[in-house]
Student: 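Structure provided below as structure tokens; questions to follow.
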Amino acid sequence: MNERNWGKENNNKITIDDIAKELGVSKTTISRAISGKGRISATTRKRVLSFCEECGYKPNMIARGLAESKTYNIGVVLPNDSDLNEIPFFQVCLLGIIEMATSYEYDVVVSTVGADDITKLVRLVENQKVDGFILTRTRIHDAQVEYLSKHKVPFVVVGTSESSGVIQIDNHHVEACREMTSLLIMQKMKRLSFIGNNSTHIVSRMRYQGFIEGCELNQISPRSDCIYLDCNTRLMVEQAVDDILHKRIDCIVCMDDKICSQVLLKLATEHVKIPRDMKVASFYGSLFLASHNPPITTLEFDVKALGNAACKVLIDALSGVEVQQKTLLGYDINFKASTKK
DNA sequence: TCCTGGAGCTGGATTACCAA
DNA sequence: TTGGTAATCCAGCTCCAGGA
């Protein structure tokens, strides 16, 4: 057999059996050389690896999965709320997950769940399509967390979970929001208003908690009539802004980039100049806000790194490596023109 | 002849056990 | 110490024997 042509022409059909026959050894020897496990001489291993590279051998992942009882697939679960999927957070996080998964020869299967509808996730589990899951949004009483825990399916949460024993990768939301709120107050913004969205989301609660702690740390009691929670629609955000404009407020603090972009549109409609008439800050910055003029003061989280870390921790857990129960990544506070005097 | 059920084979890779 | 044999993973398929 002509090794060079054989390798190029049948690139996706070469098996360890073919290589074993070609080199006059058993397929066990080929397997050991490739995996690095088991006893094999350095000379034989070098000879095998050299031939594998020359003929462009790629392991058959289905066969490997069959032998190891693994799929080499990771399930990533996104919220099925279309608005949420338009938020750059999920797109960037997914990119980070895919980047890390690919480097470990895993593929990514993307699915969605609703607040009470986890049928697509259940289907992936029952059909044994994935080895583990990464959940990108958690709620206070989370059906997906309960289901995966009950069925002992490995999973990692991007965010925070109140359930015990859940592996979590998150940012220092409370600390970050507390610090940013403190800095705003120190810059003479004493009268703050807060607009937040769905309070059943744990991240929403954490950011709100950080805001409250930041106020209390600076001996300021946030007025309840200046706090707008569960503004889940554009109309609700606009009504909140309308209300705020009738009060003596120094700065609107937005829970995330989506709310902030709606606030900015409403302020523009009302001809409110930023920062002269109203200052604006957001607890999360993204492409939504990147091109706004004036630039918006935001909290910056490295979401791609978050995706990377979540995927790495899951793969480690699947490989039997001991992993930390909770990993917290850092943040940056970018003060821009929207909160300048 | 048709239907049913069991046995055995197939794919490619891993791995426990054994021999040289 | 090194490398080979054979079992194993699992779902789907084919083949064959036996019964209705």
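Sequence lines set the chain letters: A, B, ... in the order given, protein chains first and strands last, and positions in each chain run from 1. On a predicted model such as this, the values are computed, not experimentally measured, just so you know.
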Student: Please report, rounded to the nearest Å, how far the P atom of dG12(B) is from the CD1 atom of Ile19(A).
Tutor: 12 Å
Student: Does the ring center of Phe301(A) lie less than 6.0 Å from the ring center of His173(A)?
Tutor: yes
Student: Let me know the distance between NZ of Lys70(A) and P of dT8(C), rounded to the nearest Å.
Tutor: 22 Å
Student: Send over the distance from Leu23(A) CG to dG4(C) P, rounded to a whole Å.
Tutor: 11 Å
Student: What's the OH-P distance between Tyr57(A) and dG12(B), to the nearest Å?
Tutor: 10 Å
Student: In whole Å, what is the span from the CD1 atom of Ile16(A) to the P atom of dG12(B)?
Tutor: 10 Å
Student: Where does the angle between the aromatic ring planes of Tyr208(A) and Phe194(A) fall among parallel (under 30°), tilted (30 to 60°) and perpendicular (over 60°)?
Tutor: tilted
Student: Would you please confirm or rule out a distance under 4.0 Å between OP1 or OP2 of dG4(C) and any side-chain N or O of Thr28(A)?
Tutor: no
Student: Tell me the interatomic distance from Ile34(A), atom CD1, to dG12(B), atom P, rounded to whole angstroms.
Tutor: 14 Å
Student: One thing to verify: whether Asp142(A) and Arg137(A) come together as a salt bridge, which I'm taking to mean a side-chain N less than 4.0 angstrom from a carboxylate O.
Tutor: no
Student: Mind checking Thr29(A) for me? I need base, sugar-phosphate or nothing, with any heavy atom below 4.0 Å counting as a touch.
Tutor: sugar-phosphate
Student: Using a cut-off of 6.0 Å, state whether more than 12 heavy atoms not belonging to Lys326(A) lie near its atom NZ.
Tutor: yes
Student: Can you work out whether Lys27(A) or Arg32(A) has the more 5'-proximal nearest nucleotide on DNA chain C?
Tutor: Arg32(A)
